[in-house]
Amino acid sequence: MSKIYDVAILGAGPAGLSAGIYAGRSRLDTVIVEKGQDGGQIAITDDIENYPGQGPEGESGPALIARMTAQAAKFGVERVSDVVKEVVVEGPVKKLICGKQTIEAKTLIIATGATAKPIGCKREGEFMGRGVSYCATCDANFFEDFEVYVVGGGDSAIQEALYLTKFARKVTVIHRRDELRAAKSLQERAFANPKIEFMWNTVVEELHGDDILSGMTVKDTKTGELREIKADEEDGMFGLFGFIGYNPKSELVEGKLELENGYIKTDENMHTSVPGVFAAGDIRVKSLRQVITAAADGAIAAVQAEHYIQNQH
Ligand code: NAP
């Protein structure tokens, strides 16, 4: 007979790890299943400066997440590195059917997060890793002294545009409206940065180049006019970073849990539409997707999982 855990957590970002810390510390038999590296989106975040308790100089996402991982391990949380293929939510024993094994648990906490949305222009896929990126921390150094373009007008776009100025010669933000959505403090920093320019009311239509990105067609959203942007002749290429939001990673629970625009619906105690199944972090319908809210969700979900298990007896 295989083991039945008290809590199985799907995803090792801030939400999943926080759930692990709280569940482990409550002496619940807990496992976290993750297919990639720990940290989710913050594993690729260069600078986090708004998580309470950090030093004023801030710190990198991986540094913060490494401490969370160590904390979860300290409280005896097991780790499984595997790809979950199917989730069984019904019945008293929930299941994570993975590539190498099946994990059974009395409760499930879904903390799968969200991934970057593609820009949506023609030939985008062809140039991924050949000029197109969704992670400044990962790829900025490839564009040392080159020109880069950033698509989007939210916090991510402006924060990453600022980061890219440390590497690129010039950073142009392409935004579909004439007003940014990003926090005012970020806007002020971007407007004051001499390396950042703005291309308002513009979207990217199509990418060009032989092997690497060397041109693109952009469209004026007001007039419909198309314009060609070419790489500087000496450079022969430029970078294009997309930061236009995220897609929730909820395919595994589609048709099994109640969703809204692909995000899992929960109450304020992280209960999903199925008893014993909880959701935490960016995967859930919520107004603010941040490390602090993900961590808080994880803590609540773990405590609620404990209450659920107690009430089953
Ligand atoms: P976001 O706030 O949803 O912003 C997405 C941006 O992309 C918007 O400006 C949007 O334009 C634009 N956009 C959306 N679809 C587009 C399309 N098809 N073509 C062109 N542009 C498109 O996403 P985010 O910036 O990734 O932020 C997500 C969440 O994380 C937010 O809650 C944010 O506050 C938070 N966050 C916080 C920080 C921080 O605190 N430092 C850092 C990063 C993220 P419109 O404005 O016209 O809709």
Side-chain angles (χ1 to χ4, degrees), residues 13-15 39-54 56-61 64-65 113-125 132-138 140 149-165 171-191 193 196 198-207 216-222 224 226-227 229 240-249 260-263 281-297:
Q41 279 183 68
I42 72 159
I44 54 166
T45 303
D46 167 59
D47 189 13
I48 294 175
E49 55 183 17
N50 55 6
Y51 190 68
Q54 285 179 292
E57 67 287 352
E59 78 181 309
S60 74
L64 177 61
I65 217 73
T115 50
K117 268 188 195 165
I119 296 163
C121 55
K122 287 185 201 135
R123 300 185 66 193
E124 184 171 355
V132 172
S133 169
Y134 311 94
C135 173
T137 313
C138 319
Y149 294 81
V150 164
V151 181
D155 284 341
S156 301
I158 302 309
Q159 195 166 45
E160 300 306 320
L162 285 162
Y163 175 70
L164 283 160
T165 61
V171 178
T172 305
V173 175
I174 301 178
H175 184 36
R176 64 181 178 183
R177 294 186 294 136
D178 59 3
E179 199 185 355
L180 297 175
R181 179 184 292 278
K184 287 281 178 282
S185 59
L186 283 172
Q187 294 195 23
E188 282 162 15
R189 282 170 59 198
F191 292 143
N193 192 312
I196 299 185
F198 290 87
M199 211 178 260
W200 302 110
N201 301 313
T202 304
V203 289
V204 180
E205 285 283 293
E206 187 171 354
L207 307 184
M216 63 183 164
T217 308
V218 296
K219 185 169 94 179
D220 187 309
T221 54
K222 290 243 159 100
L226 296 174
R227 195 153 67 85
I229 292 176
L240 179 66
F241 286 80
F243 300 109
I244 63 163
Y246 296 91
N247 283 325
K249 290 195 254 177
E260 186 181 299
N261 298 325
Y263 292 91
D282 286 3
I283 189 62
R284 138 181 134 73
V285 175
K286 64 197 296 192
S287 63
L288 182 64
R289 294 192 172 85
Q290 293 280 288
V291 180
I292 185 170
T293 59
D297 286 0

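Whatever order the structure lists them in is the order used to number ligands and atoms, beginning at 1. Fair warning: this is a prediction, and the values are worked out from it, not measured in the lab. All values below were derived from every heavy atom in this structure, side-chain atoms included, with hydrogens, water molecules and symmetry-related copies excluded.
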With rounding to the nearest 0.5 Å, note down the distance linking [atom1] in [X] to [atom2] in [Y].
{"X": "Ile292", "Y": "Tyr51", "atom1": "CD1", "atom2": "OH", "result": "6.5 Å"}
{"X": "Ile65", "Y": "Ile42", "atom1": "CD1", "atom2": "CD1", "result": "3.5 Å"}
{"X": "Gln159", "Y": "Leu186", "atom1": "CD", "atom2": "CG", "result": "5.5 Å"}
{"X": "Thr293", "Y": "Arg284", "atom1": "OG1", "atom2": "CZ", "result": "8.0 Å"}
{"X": "His175", "Y": "Ile244", "atom1": "NE2", "atom2": "CD1", "result": "11.5 Å"}

Closest non-hydrogen atom pair between Glu205 and Leu226, with its separation
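Heavy-atom minimum between the residues: CG-CD2, 4.0 Å.
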Might you point out which heavy atoms bring Ala182 and Ile158 nearest each other, and give the distance in Å?
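Heavy atoms of Ala182 and Ile158 come nearest at CB-CG1, 3.6 Å.
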Nearest non-hydrogen atom to [atom] belongs to which of [options]?
{"atom": "atom 12 (C) of ligand 1", "options": "Ile244, Leu186, Val291", "value": "Ile244"}
{"atom": "atom 44 (C) of ligand 1", "options": "Ala116, Ser156, Gly152", "value": "Ser156"}
{"atom": "atom 39 (C) of ligand 1", "options": "Asn50, Thr293, Ile42, Val204", "value": "Asn50"}

Would you mind telling me if ligand 1 is within reach of the side chain of Leu180, the backbone, both or neither, using heavy atoms under 4.0 Å?
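Looking at Leu180 and ligand 1, no heavy atom falls under 4.0 Å.
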Any sub-3.5 Å donor-acceptor pair from Thr202's side-chain atoms to Trp200's backbone N or O?
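Judged by distance alone, yes, a pair lies under 3.5 Å.
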Any donor-acceptor pair under 3.5 Å from Ser133 side chain to Phe241 backbone:
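A pair under 3.5 Å: no.
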Protein contact of [atom] - nearest heavy atom, named by residue and atom, plus distance:
{"atom": "atom 2 (O) of ligand 1", "answer": "Arg181 CD, 3.5 Å"}
{"atom": "atom 23 (O) of ligand 1", "answer": "Gly245 CA, 3.8 Å"}
{"atom": "atom 46 (O) of ligand 1", "answer": "Arg177 NH2, 2.8 Å"}
{"atom": "atom 34 (O) of ligand 1", "answer": "Asp155 OD2, 2.6 Å"}
{"atom": "atom 37 (C) of ligand 1", "answer": "Gln290 NE2, 2.7 Å"}
{"atom": "atom 10 (C) of ligand 1", "answer": "Arg176 NH2, 3.9 Å"}

Just jot down the ligand 1 atoms closer than 4.0 angstrom to any heavy atom of Arg289, in number order.
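It comes down to these atoms of ligand 1: 30 (O), 35 (C).
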Within a strict 4.5 Å, meaning less than it, do heavy atoms of the Pro248 and Asp282 side chains meet?
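No, every pair of side-chain atoms sits at 4.5 Å or beyond.
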So for ligand 1, is [X] a polar contact partner (N or O within less than 3.5 Å, distance only)?
{"X": "Gln159", "value": "yes"}
{"X": "Gly153", "value": "yes"}
{"X": "Gly154", "value": "yes"}

In the complex you have, is atom 31 (C) of ligand 1 within reach of the protein, judged by whether a heavy-atom distance drops under 4.0 Å?
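Neighbour list for atom 31 (C) of ligand 1 is empty of protein heavy atoms (cut-off 4.0 Å).
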His175 touching ligand 1 at heavy-atom level, < 4.0 angstrom:
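Checking ligand 1 against His175, which is what was asked, there is a heavy-atom contact under 4.0 Å.
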